[in-house]
Amino acid sequence: MAYDPENVFAKILRGEIPCTRVYEDGHALAFEDINPQAPVHVLVIPKGAYVSMDDFSGAASDAEIAGFFRAVGAVARQLELANPGYRILANHGDDGMQEVPHFHVHIFGGRKLGPMLKRV
Ligand code: 5GP
């Protein structure tokens, strides 16, 4: 799947639509999810144009991958989630129900998060 530069997170990265910014460095931007699923729900996105976890893990440089995942940890520390804890999640593709085609990691926290997956 080719990267769509008009996806909503690309627009946020370009400053074309607003976000509530939590953290930014050379590799990543973190901002509050517009529809939070927990008391803390932050999205961390790489600055590079990667569609998904599959694309990012396969095509990004070692520096981009290291920088991005260091940023995820830094965001969680900044939000004081390391203790009592938090959850990260990345949806990929149809079965993963990914909605926005720019790779992102969700950080959830602020309460006991319950079972990892809802039984359906
Ligand atoms: P996905 O299902 O792709 O893993 O998650 C996409 C997430 O992006 C959803 O949790 C959704 O609420 C969030 N989202 C979609 N559009 C916007 C937006 O314009 N701004 C922000 N801050 N979050 C968005």
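Owing to the predicted nature of the structure, the values given are computational and were not obtained by experimental measurement. Start at 1 with the first residue, then count along the sequence. Order of appearance sets the numbers: ligands from 1, and atoms from 1 within every ligand.
Sorted by first and then second residue, the salt bridge (charged side-chain N to carboxylate O under 4.0 Å, His left out) pairs involving residues 36-63 (not counting sequence neighbours) are Glu24-Lys47. Within the structure, the ring-ring contact (aromatic ring centres under 6.0 Å, His included) test picks out no pair touching residues 71-96 (sequence neighbours left out).
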Report, one line per pair, each donor and acceptor closer than 3.5 Å where one atom sits in a side chain of residues 71-84; sequence neighbours left out.
| from | atom 1 | to | atom 2 | distance (Å) |
| --- | --- | --- | --- | --- |
| Gln78 | NE2 | Val22 | O | 2.6 |

Given the rule in the ring pair (Phe, Tyr, Trp, His ring centres under 6.0 Å) test, do His104 and His102 qualify, once you have shown the distances and angles that lead to the verdict?
CA-CA 6 Å; His104 51 281; His102 181 111; 7.9 Å; no
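Just one residue in the list Phe103, Tyr50, Tyr3, Phe31 forms a ring-ring contact (aromatic ring centres under 6.0 Å, His included) with Phe9, and that residue is Phe31.
Using cut-offs of 30° and 60° for the angle between ring planes, the Phe69 and Phe56 rings count as tilted.
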Within the protein, flag every N or O under 3.5 Å from an N or O of ligand 1, and note the pair and distance.
| from | atom 1 | to | atom 2 | distance (Å) |
| --- | --- | --- | --- | --- |
| ligand 1 | 2 (O) | Met97 | O | 3.4 |
| ligand 1 | 2 (O) | Glu99 | N | 3.3 |
| ligand 1 | 3 (O) | Glu99 | N | 2.7 |
| ligand 1 | 3 (O) | Val100 | N | 3.0 |
| ligand 1 | 3 (O) | His104 | NE2 | 2.9 |
| ligand 1 | 4 (O) | Asn91 | ND2 | 2.8 |
| ligand 1 | 4 (O) | His104 | NE2 | 2.8 |
| ligand 1 | 4 (O) | His106 | NE2 | 2.8 |
| ligand 1 | 5 (O) | His104 | NE2 | 3.2 |
| ligand 1 | 5 (O) | His106 | NE2 | 3.3 |
| ligand 1 | 10 (O) | Asp33 | OD1 | 3.3 |
| ligand 1 | 10 (O) | Asp33 | OD2 | 2.5 |
| ligand 1 | 12 (O) | Asp33 | OD1 | 2.5 |
| ligand 1 | 22 (N) | Glu32 | O | 2.9 |
| ligand 1 | 22 (N) | Ile34 | N | 3.4 |
| ligand 1 | 23 (N) | Ile34 | N | 3.3 |

